[in-house]
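Inspection log for the structure reproduced underneath, given as structure tokens.
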Amino acid sequence: MKKILIVDDHADIRRLIRMTLEFEDYDVREAADGEAALALAQEFQPDLVLLDVMMPGDINGLDVCRRLRAAEAPGRGPRVIMLSARGQASDREAGLQAGADTYLVKPFSPLQLISCIGELWAAA
């Protein structure tokens with residue numbers, strides 16, 4: 001069973017994503033901020049992290065992604081899909097530079113999310 005970590009400071013968004021993923025056979029966990037995400041990622045060892053960029057606290061989504069990438073052996077860590085309301089080319093580039101595999105702009109449809117996850121699994 002694939003393991004997915006949802007990281008977003010908005011409980012409604014986490015709930016929507018969880019409901020979208022319930023139709024598949026995933027083990028899903030949630031974190032509301034960057035610090036909780038890093039701690040849970042170390043314990044849970046997810047295959048995929050759905051990661052909001054803008055979060056409260058000292059660690060935003062870009063920082064979380066960089067730290068996840070720094071802690072892993074090349075090619076062995078989780079896939080990362082950045083989720084953000086910021087859709088400018090520079091925002092996308094910042095997400096990819098931080099180590100994200102792909103970048104989805106909010107609002108996105110459940111079908112977009114499922115398609116994006118499917119593409120990442122197929123590329124693995």
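FYI, the numbering just counts along the sequence from 1.
Considering every non-hydrogen atom in both Val105 and Gly87, the closest pair reads CG2-CA, 3.8 Å. In terms of heavy-atom proximity, Thr102 sits nearest to Cys116 at CG2-SG, 3.2 Å. Residues Glu30 and Leu40 approach most closely at O-CD2, 3.5 Å, considering heavy atoms. Heavy-atom minimum distance, Ala85 versus Met54: CB-CE, 4.3 Å. In plain terms, the two heavy atoms of Asp63 and Arg66 that are nearest each other are OD1-NH1, 3.1 Å. Between Met82 and Ala100, the closest heavy-atom pair is CG-CB, 3.4 Å.
In this structure, the side chains of Leu83 and Ile17 come closer than 4.5 Å at one or more pairs of heavy atoms. Put simply, the side chain of Phe108 does not reach to within 4.5 Å of the side chain of Leu16, judged on heavy atoms. Here the side chains of Pro78 and Leu5 are not in contact, with every heavy-atom distance at 4.5 Å or above. Side-chain contact check for Val53 versus Arg86: every heavy-atom pair is 4.5 Å or farther apart. Counting only heavy atoms from C-beta outward, the side chains of Tyr26 and Ile117 approach each other to under 4.5 Å. For the pair Leu21/Ile4, a side-chain contact is recorded, criterion being any heavy-atom separation below 4.5 Å from C-beta on.
Arg79 pairs by the salt bridge (Lys or Arg N to Asp or Glu O under 4.0 Å) definition with Asp101, not counting sequence neighbours. Residues passing the side chain to side chain donor-acceptor pair (under 3.5 Å) test with Asp25, sequence neighbours excluded: none. The side chain to side chain contact (heavy atoms under 4.5 Å, CB included) search around Ser115 returns Glu119, not counting sequence neighbours. Listed by chain and number, the residues in a side chain to side chain donor-acceptor pair (under 3.5 Å) with Lys2 amount to none (sequence neighbours excluded). The salt bridge (Lys or Arg N to Asp or Glu O under 4.0 Å) test applied to Arg15 returns Asp12, not counting sequence neighbours. In terms of the side chain to side chain donor-acceptor pair (under 3.5 Å) criterion, residue partners of Ser84 (sequence neighbours excluded) are, by chain and number, Tyr103. Take Arg67 and apply the side chain to side chain contact (heavy atoms under 4.5 Å, CB included) test, not counting sequence neighbours, and it matches Leu38, Ile59. Evaluation of the side chain to side chain donor-acceptor pair (under 3.5 Å) rule for Glu24 yields no partner, not counting sequence neighbours.
Screening residues 33-61 for side-chain hydrogen bond (donor to acceptor under 3.5 Å, both in side chains) gives Asp52-Lys106 as the qualifying pairs, with residues at least two apart or on separate chains.
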Side-chain atoms of residues 91-99: list all donor-acceptor pairs with protein atoms under 3.5 Å, sequence neighbours left out, distances to 0.1 Å.
residue	atom	partner	partner atom	Å
Asp91	OD2	Gln88	N	3.2
Glu93	OE2	Gln97	NE2	2.7

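The hydrophobic cluster of Leu111 has no other members, since no ILVMFWY side-chain heavy atom comes under 4.5 Å of it.
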Between Leu113 and Leu50, does a side chain to side chain contact (heavy atoms under 4.5 Å, CB included) hold up when you go through it step by step? CA-CA 10 Å; Leu113 180 60; Leu50 302 173; 4.0 Å; yes
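The cluster map of Ile, Leu, Val, Met, Phe, Trp and Tyr, joined by side-chain heavy atoms under 4.5 Å apart, puts Val49 and Ile114 in different clusters. If you chain together hydrophobic residues whose side chains sit under 4.5 Å apart, Val28 and Leu104 fall into the same group.
A donor-acceptor contact shorter than 3.5 Å is absent between the side chain of Arg14 and the backbone of Ala32.
Atom CG of Leu120 is separated from atom CD1 of Ile81 by 4.5 Å, given to the nearest 0.5 angstrom. With rounding to the nearest 0.5 angstrom, the SG atom of Cys65 is 6.0 Å from the CG atom of Leu51.
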